[in-house]
Protein chains: 2
Amino acid sequence: MSVSPPPITRFERLQRLARRFPQLDTSGLETCITLLRLSNDLSDAYDASLARHGLSKGRFTVLVRLFSTSEAEDGRGLTPAELAENSCVSRATMTGLLDTLEKDGLISREDHPEDRRMYTVHLTPKARQLLEGMLPEHYRRVAALMSPLNEQERVTLRELLAKVSTGIPAFREP
Amino acid sequence: MSVSPPPITRFERLQRLARRFPQLDTSGLETCITLLRLSNDLSDAYDASLARHGLSKGRFTVLVRLFSTSEAEDGRGLTPAELAENSCVSRATMTGLLDTLEKDGLISREDHPEDRRMYTVHLTPKARQLLEGMLPEHYRRVAALMSPLNEQERVTLRELLAKVSTGIPAFREP
DNA sequence: TCCAGATGGTTAGCCACCAAATCATCGACC
DNA sequence: GGTCGATGATTTGGTGGCTAACCATCTGGA
């Protein structure tokens, strides 16, 4: 009866790879993987939370952006292109988001006063009611998520993330 | 002729929202949004980089995991469930990934010696050749991505991310 | 020994997102 | 004033991921 060998850890496998590929920067890869995994987990949690209200990240982002703009600039609507830019999705995706939001009675499309290629998007009363009902809870959740970090740590985290983002162009290079 | 009013900044809209919803923790939300945006950008860059070699994040993760395991434990294969766990995807998704990897001649499925419900997954020589060709370049890229952070900053970033991840369960709560 | 529940892989159907091609309109220039 | 490139929205077709329901196999207890 043979005894099974001790399991190889993730760290050991990484060390071996690093020996074989000298270009591998162990701490950099470790950090990158940590970041990608957390992103995934956070993104999933965010989606699950919004799903209770029949929303996705994209739908929610659109509604909140419309809400905050209309609060600040009294009823101003936004164009699909502005919303796509703000939500970091393609314009094609925005068309789809707006279609379903309109079907659900949460937004309306209105003629753009100056340019007939475009239209402006506005929240319906139903959407305002939905947001006013859910945002307190949602913001409470986000506050709970971030509560393990004190003010200084939050600043530091944002700074470090900003540094990583400066590296992205280099990542994309030939 | 009227002069258009100054544009409202993202920060101003956030301030207004915070006045309206006292549950809104401005610095927390700001940090959360920064994190989600960077994740998105990084994820896109990662995908674009892998796409040059006909891979996606999921496909790549599977291949590298098989590679490093077979290096460390001389030819050991992994089961779909182990791979799904390692790659943070559902088992259903893993089935799909393995189907296309097999169709592309990058992995083979072999009978599991002890349990007929399972099989083990192995890299083909073609996959080894692909990885050996692309990994030096890939790891060089990751190193470049992380080069704006020094060693201490990387440690700090990982620690802060770990703290955020402790907040995720609270985020999911009722 | 045999059956019930656990476990592993697959299937079917859904959703969010994207790029590329398409169509309408705008605006600038001859 | 007409034409042509730019711009905005949409359509089409494809990818990657998920859950839920399914079937096969294993395993532990009556």
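Per chain, numbering begins at 1; letters A, B, ... match sequence-line order. Please read all numbers here as calculations on a predicted model, not as lab measurements.
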Check whether [X] reaches the backbone of [Y] with its side chain - one donor and one acceptor, N or O, closer than 3.5 Å.
{"X": "Ser49(B)", "Y": "Ala45(B)", "value": "no"}
{"X": "Thr100(A)", "Y": "Leu97(A)", "value": "yes"}
{"X": "Arg154(B)", "Y": "Leu149(B)", "value": "yes"}
{"X": "Thr124(A)", "Y": "Gly105(A)", "value": "yes"}

Checklist entry - Is the distance between the ring centroids of Phe60(B) and His138(B) less than 6.0 Å? => result yes

Item to check | Partner of Glu153(A) under side chain to side chain contact (heavy atoms under 4.5 Å, CB included), chosen from Val164(B), Thr31(B), Leu160(B) | outcome: Leu160(B)

Checklist entry - Which part of the nucleic acid, if any, lies within contact of Thr95(B), taking any heavy atom under 4.0 Å across all strands shown: a base, the sugar-phosphate backbone alone, or nothing? => result base

Output the rounded distance in Å from [atom1] ([X]) to [atom2] ([N]).
{"X": "His112(A)", "N": "dC26(C)", "atom1": "NE2", "atom2": "P", "answer": "11 Å"}
{"X": "Leu50(A)", "N": "dA16(C)", "atom1": "CG", "atom2": "C1'", "answer": "14 Å"}
{"X": "Leu101(A)", "N": "dC15(C)", "atom1": "CG", "atom2": "P", "answer": "14 Å"}
{"X": "Arg109(B)", "N": "dG9(C)", "atom1": "CZ", "atom2": "C1'", "answer": "9 Å"}
{"X": "Lys57(A)", "N": "dC18(C)", "atom1": "NZ", "atom2": "C1'", "answer": "16 Å"}
{"X": "Leu98(A)", "N": "dC17(C)", "atom1": "CG", "atom2": "P", "answer": "12 Å"}
{"X": "Asp111(B)", "N": "dG9(C)", "atom1": "CG", "atom2": "P", "answer": "13 Å"}

Checklist outcome for this item: Numerically ordered, the residues 114-123 of chain A set in heavy-atom contact under 4.0 Å with DNA chain C is Asp115(A), Arg116(A), Arg117(A)

Next on the checklist: Tell me which residues in residues 85-93 of chain B lie within less than 4.0 Å of DNA chain C, going by non-hydrogen atoms.
Outcome noted: Arg91(B), Ala92(B)

Checklist entry - Would you call Glu137(A) and Arg141(A) a salt bridge, using N to O less than 4.0 angstrom? => result yes

Checklist entry - Can you name the side chain to side chain donor-acceptor pair (under 3.5 Å) partners of Ser39(B), sequence neighbours left out? => result Ser39(A)

Checklist outcome for this item: Residues passing the side chain to side chain donor-acceptor pair (under 3.5 Å) test with Tyr139(A), sequence neighbours excluded, are none

Between side-chain atoms of residues 128-136 of chain A and protein atoms elsewhere (two or more places apart, or another chain), which donor-acceptor pairs fall under 3.5 Å?
unit_1: Arg128(A); atom_1: NH1; unit_2: Ser70(A); atom_2: OG; d: 3.3
unit_1: Glu132(A); atom_1: OE2; unit_2: Arg20(B); atom_2: NH2; d: 2.7

Checklist entry - Could you give the start and end, 5' to 3', of the contact zone on DNA chain D for chain B, using atoms under 4.0 Å from its heavy atoms? => result dG16(D) to dC26(D)

Checklist entry - Of Asp44(A) and Met94(A), whose closest DNA chain D nucleotide lies nearer the 5' terminus? => result Met94(A)

Next on the checklist: salt bridge (charged side-chain N to carboxylate O under 4.0 Å, His left out) for Glu71(B) and Arg76(B)? Distances and angles first, verdict last.
Outcome noted: CA-CA 9 Å; Glu71(B) 294 269 304; Arg76(B) 179 159 96 85; over 6 Å; no

